[in-house]
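Proteins get letters first, then strands, A, B, ... in listed order; numbering begins at 1 in each. The shown structure was predicted, so the numbers you read here are calculated from the model rather than taken from an experiment.
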Number of protein chains: 2
Amino acid sequence: MYAYEFIKDSIIQGKFEPGMRLGEESLAKELNLSRTPVREAIKQLEAEGLVVPLKRGVSVRHFSKEDIRQIYDLRTLLEGYGASQAAIHRTGEDLKRMEAANALYEKAIDKYLESDMNSIKEIVDMNQEFHDAIVNASKNSHIQFHISKVVVVPLVFRSFNWYNPYQLKQSLEVHKIIHNAVRNKEPERARIAMHEHIYQGRDHVLRHLGQIKNSHLLKEEV
Amino acid sequence: MYAYEFIKDSIIQGKFEPGMRLGEESLAKELNLSRTPVREAIKQLEAEGLVVPLKRGVSVRHFSKEDIRQIYDLRTLLEGYGASQAAIHRTGEDLKRMEAANALYEKAIDKYLESDMNSIKEIVDMNQEFHDAIVNASKNSHIQFHISKVVVVPLVFRSFNWYNPYQLKQSLEVHKIIHNAVRNKEPERARIAMHEHIYQGRDHVLRHLGQIKNSHLLKEEV
DNA sequence: TGTTGACTAATTGTATACAAACATTTAAAT
DNA sequence: ATTTAAATGTTTGTATACAATTAGTCAACA
């Protein structure tokens, strides 16, 4: 649905700041729609936990550092399992998809190293594509469903902008290690590598959030 | 929201069979509401995966045996992690809640052994209460959120009706083992015991579904 | 000057009306 | 008799109107 995608993207891209109330009327006006489809989109986002109910209407959800830790723990668990299952169930097609994603990932990183800032979106997309390829290879659609909900939260912080070249290269290396483990049908190796990969991502985001003190994106801990 | 709870409960209690189209008008009439709140409830259930979109409207989702396996794998992963974290973060209050749940669980089982069929609901509730107490003790609200979505699916099959006295007693014993591990702060012990506990539940459901061949609840595998 | 109360404005929750899409049935033609 | 096409009826998707609740402001009284 159109309204759902629009509002979700707007939240991810930071157009609506956490804590900010989402007015149905203004959203409807911006989308050239009536309030009805807007309300339905909001209800879906509410069920996914991206917006929280207020006394009147909803607001974009605030995430604390503790939230980030918990979400990454959850993601580690799910994607680690996904990787181990991928190492069992992967087909030749799955391997090809992973390789294609990593090839484009590397290309985008190289462009970034030449200071092409437009490649950041491509980096994000190809990283996502690799992870999608893994969970898809696991052949467990329910894991896939839940991962897709978990993955959006860190996107809100747009932490990819903060990676340095060394970190991006390292990320690519781990992707290759995971790919190898999946190709060689080594479930535990794949799981551990994925764990490590996501924990590195978690540490990066937390470091990033530690730097921007009192960010409007971050809820202060009590 | 009222409409949401009503429709969800109706699905769990088998009032709407899988594959059956949910008419907005009839639901609204039954609830003495207009179509608007009914639609919003349906949109939420759709986001949770309990109903699936059709060309027109939605229907109750079908689950295959493979779905059940995948969902239980997911639940094992999540609740196993929850139990291990509970063993780390549990407070005295958490332990009390677990003990209270198990005490009532035992009482309900005893009533069941005296052929009191009304105690089945109590058994289901207290089993749920124990599991809730565990994930709550883990102090990870995001895990809790996802578990709550995963847990509803098996309820559709109402497999508790199929437990025999020995299995119920055994279930209670494992609850106690988990409780002990959490009390003694043994994360790995708690995780393994929870894994075993849920795998037993999975096997029970799959056995049950194997017996009722061609159940309308079960989508035939292709 | 600060606090409380009432009034007003704005926004959500619900109902209903209307239009569009889809299914079903009937009739006609090959 | 079977297949296709058209028409009708049912149901969803969207818009809008109305009611109810909340927040905000202004004034009055302590």
Side-chain angles (χ1 to χ4, degrees), chain A residues 1-63 145 148 156 216 219-220 222, chain B residues 1-63 145 148-149 156 216 219-220:
Chain A
M1 189 198 274
Y2 177 54
Y4 169 79
E5 294 292 343
F6 179 87
I7 299 173
K8 188 171 174 179
D9 285 351
S10 296
I11 293 172
I12 290 174
Q13 285 164 26
K15 286 190 173 189
F16 305 132
E17 295 182 2
M20 174 182 169
R21 251 217 13 242
L22 296 182
E24 297 177 358
E25 198 81 42
S26 56
L27 283 171
K29 204 171 161 186
E30 194 168 359
L31 283 157
N32 279 85
L33 284 169
S34 77
R35 277 176 50 213
T36 312
V38 170
R39 282 180 65 79
E40 290 177 358
I42 287 175
K43 272 286 175 302
Q44 292 195 72
L45 292 168
E46 203 179 315
E48 292 177 15
L50 221 67
V51 300
V52 288
L54 256 42
K55 253 188 278 193
R56 208 174 32 158
V58 298
S59 72
V60 178
R61 171 158 185 184
H62 253 126
F63 293 100
F145 180 82
S148 70
V156 172
H216 61 275
K219 183 169 198 158
E220 277 310 305
V222 281
Chain B
M1 188 200 275
Y2 177 54
Y4 169 80
E5 295 292 342
F6 179 88
I7 300 173
K8 188 170 173 179
D9 285 351
S10 295
I11 293 173
I12 290 173
Q13 287 164 26
K15 287 192 172 187
F16 305 131
E17 295 182 3
M20 173 182 172
R21 253 222 1 248
L22 296 182
E24 297 178 359
E25 199 81 42
S26 56
L27 283 172
K29 203 171 161 187
E30 193 168 359
L31 283 156
N32 279 86
L33 284 168
S34 77
R35 277 177 50 214
T36 312
V38 171
R39 282 180 66 79
E40 290 177 358
I42 287 175
K43 272 287 175 305
Q44 292 196 75
L45 293 168
E46 203 179 316
E48 292 175 15
L50 220 69
V51 300
V52 288
L54 256 42
K55 253 187 280 192
R56 209 178 28 163
V58 297
S59 72
V60 178
R61 171 158 185 184
H62 253 125
F63 293 100
F145 179 82
S148 70
K149 305 302 175 199
V156 172
H216 62 276
K219 183 169 197 155
E220 276 311 304

Original post:
Rounded to the nearest Å, what distance is computed from the CD atom of residue E24(A) to the P atom of nucleotide dA20(D)?
Top reply: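 Spelled out: CD on E24(A) to P on dA20(D) is 18 Å.
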**OP:** Looking at every strand, decide which applies to I42(A) at a 4.0 Å heavy-atom threshold: base, sugar-phosphate, or nothing.
**Re:**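 Nothing, no heavy atom under 4.0 Å.
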Subject >> Within residues 45-58 of chain A: residues closer than 4.0 Å to DNA chain C (heavy atoms) >> reply: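 Of all residues in residues 45-58 of chain A, the ones placing a heavy atom under 4.0 Å from DNA chain C are R56(A), G57(A).
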Original post:
What pair of heavy atoms forms the shortest contact from P37(B) to A3(B), and how long is it?
Top reply: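 P37(B) and A3(B) have their closest heavy atoms at O-CB, 4.1 Å.
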Original post:
Roughly how far, to the nearest 0.5 Å, is the OG atom of S34(A) from the CD atom of E24(A)?
Top reply: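 Reported to 0.5 Å precision, the distance equals 10.0 Å.
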**OP:** Measure the spacing between OG of S26(A) and CZ of R35(A) and express it to the nearest 0.5 Å.
**Re:**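 S26(A) atom OG to R35(A) atom CZ measures 11.0 Å (nearest 0.5 Å).
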Original post:
From L31(A) CG over to S10(A) OG, what is the distance, rounded to the nearest 0.5 angstrom?
Top reply: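 Taking CG in L31(A) and OG in S10(A), the distance rounds to 8.0 Å.
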Subject >> Trace of the side chain to side chain contact (heavy atoms under 4.5 Å, CB included) decision for L27(B) with I42(B) >> reply: CA-CA 10 Å; L27(B) 283 172; I42(B) 287 175; 4.3 Å; yes
**OP:** List the protein contact pattern of nucleotides 14-19 of chain C with one symbol per nucleotide (5' to 3'): B for base contact, S for sugar-phosphate-only contact, - for none; contact means a heavy-atom distance under 4.0 Å.
**Re:** BBBB--
Could you give the side-chain donor-acceptor pairs of residues 43-52 of chain A under 3.5 Å, partners two or more places apart or in another chain?
unit_1, atom_1, unit_2, atom_2, d
E48(A), OE1, Y4(A), OH, 3.0
E48(A), OE2, Y4(A), OH, 2.5
E48(A), OE2, K149(A), NZ, 3.2

Original post:
Can you check the R21(A) CZ to dT21(D) P distance for me, whole Å?
Top reply: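 So the CZ-P distance, R21(A) to dT21(D), works out to 17 Å.
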**OP:** Take L33(B) and F6(B) through the side chain to side chain contact (heavy atoms under 4.5 Å, CB included) test and state the conclusion after the steps.
**Re:** CA-CA 12 Å; L33(B) 284 168; F6(B) 179 88; over 6 Å; no
Subject >> Value in whole Å for how far the P atom of dT12(C) lies from NZ of K29(A) >> reply: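 Distance, rounded to whole Å: 14 Å.
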**OP:** List the steps, then state whether side chain to side chain contact (heavy atoms under 4.5 Å, CB included) holds for R39(B) with R39(A).
**Re:** CA-CA 10 Å; R39(B) 282 180 66 79; R39(A) 282 180 65 79; over 6 Å; no
